[in-house]
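See below for the structure under consideration.
Side chains included, hydrogens not; waters and symmetry mates left out as well; all remaining heavy atoms used.
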Amino acid sequence: MTADPLPDLDRARFETLAGELDSRVHALAFAATFLNLLPRRLERISTTVDAGQAEAAHVALLSLAASAEMVGAQRLERDARQADRELRAGHLCGARDSIPQLDRDAEAVARALTDLLRGR
């Protein structure tokens, strides 16, 4: 198995967000909010996929993907978009099978964001 080329957190993308917001403080606040919401977002995805609620799962996955992209969590964004593609293709099992990878990459992002917020 080869290493995933995408970082847990692309700090250059985070700095782009800070530039777009004209404030590193606001970018850090966005990152903190993303981190705080992440467990609930993952739970929502898991719950809606397990219940076969395709539209609700689609919305939750797109929301996660968009926010992950903004904060620089490229791998998590990729995973969410892949799960959404499975869902939209009618492959509920494929979407369900992607949840453990979403969870693993979300844990890595959470660690990286925690380090960023602590100034590391």
Rounded at 0.5 Å granularity, tell me how far [atom1] in [X] sits from [atom2] in [Y].
{"X": "L61", "Y": "Q82", "atom1": "CG", "atom2": "CD", "result": "11.0 Å"}
{"X": "T33", "Y": "L38", "atom1": "OG1", "atom2": "CG", "result": "12.0 Å"}
{"X": "T48", "Y": "L87", "atom1": "OG1", "atom2": "CG", "result": "8.0 Å"}
{"X": "D103", "Y": "D79", "atom1": "CG", "atom2": "CG", "result": "10.0 Å"}

### Qualifying residue, where the test is side-chain contact (heavy atoms from CB on, under 4.5 Å) with L116 and the options are L9, L35, V71
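That would be L9; it is the only one of L9, L35, V71 passing the side-chain contact (heavy atoms from CB on, under 4.5 Å) with L116.
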### Query
Picking from D105, D10, L102, what satisfies side-chain contact (heavy atoms from CB on, under 4.5 Å) with R75?
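Testing each of D105, D10, L102 against R75, the sole residue satisfying side-chain contact (heavy atoms from CB on, under 4.5 Å) is D105.
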[X], [Y]: one ILVMFWY side-chain cluster at the under-4.5 Å cut-off?
{"X": "L62", "Y": "V109", "result": "no"}
{"X": "L42", "Y": "L37", "result": "no"}
{"X": "V59", "Y": "V49", "result": "no"}

#### Entry: Non-hydrogen atoms of I99 and S46 that approach each other most closely
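It is CD1-CA, 3.7 Å.
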### Query
Which heavy-atom pair separates E86 from A95 by the least distance, and what is that distance?
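Nearest heavy atoms, E86 then A95: CB-N, 3.7 Å.
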### Task
Measure from the side-chain N and O atoms of N36 to the backbone N and O of A32, and report whether any donor-acceptor pair falls under 3.5 Å.
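Confirmed, N36 side chain pairs with A32 backbone.
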#### Entry: S67 side-chain N/O to L64 backbone N/O, donor-acceptor pair under 3.5 Å
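It does not hold such a pair.
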### Task
In sequence, state the C-alpha distance, the side-chain angles, and the governing distance for R44 and S63, and then conclude on side chain to side chain donor-acceptor pair (under 3.5 Å).
CA-CA 11 Å; R44 175 84 173 144; S63 176; over 6 Å; no
### Task
Using a 4.5 Å cut-off on heavy atoms from C-beta on, say whether the side chain of S98 contacts that of Q101.
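Q101 does not reach S98 side chain to side chain.
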### Query
Between D50 and T47, is any pair of side-chain heavy atoms under 4.5 Å apart?
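A side-chain contact is absent here, since even the closest heavy-atom pair is not under 4.5 Å.
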### Query
Just one of E77, E69, Q74 clears the side-chain hydrogen bond (donor to acceptor under 3.5 Å, both in side chains) bar with R13, so which one?
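Among E77, E69, Q74, the one meeting side-chain hydrogen bond (donor to acceptor under 3.5 Å, both in side chains) with R13 is E69.
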Compile the donor-acceptor pairs under 3.5 Å between side chains in residues 23-31 and protein atoms, sequence neighbours left out, one pair per line.
from, atom 1, to, atom 2, distance (Å)
S23, OG, V25, N, 3.3
S23, OG, H26, N, 3.0
S23, OG, H26, ND1, 2.9
R24, NH1, E15, OE2, 2.8

### Task
Tell me, with the steps shown, if H58 and E55 meet side chain to side chain contact (heavy atoms under 4.5 Å, CB included).
CA-CA 5 Å; H58 168 69; E55 185 60 28; 4.0 Å; yes
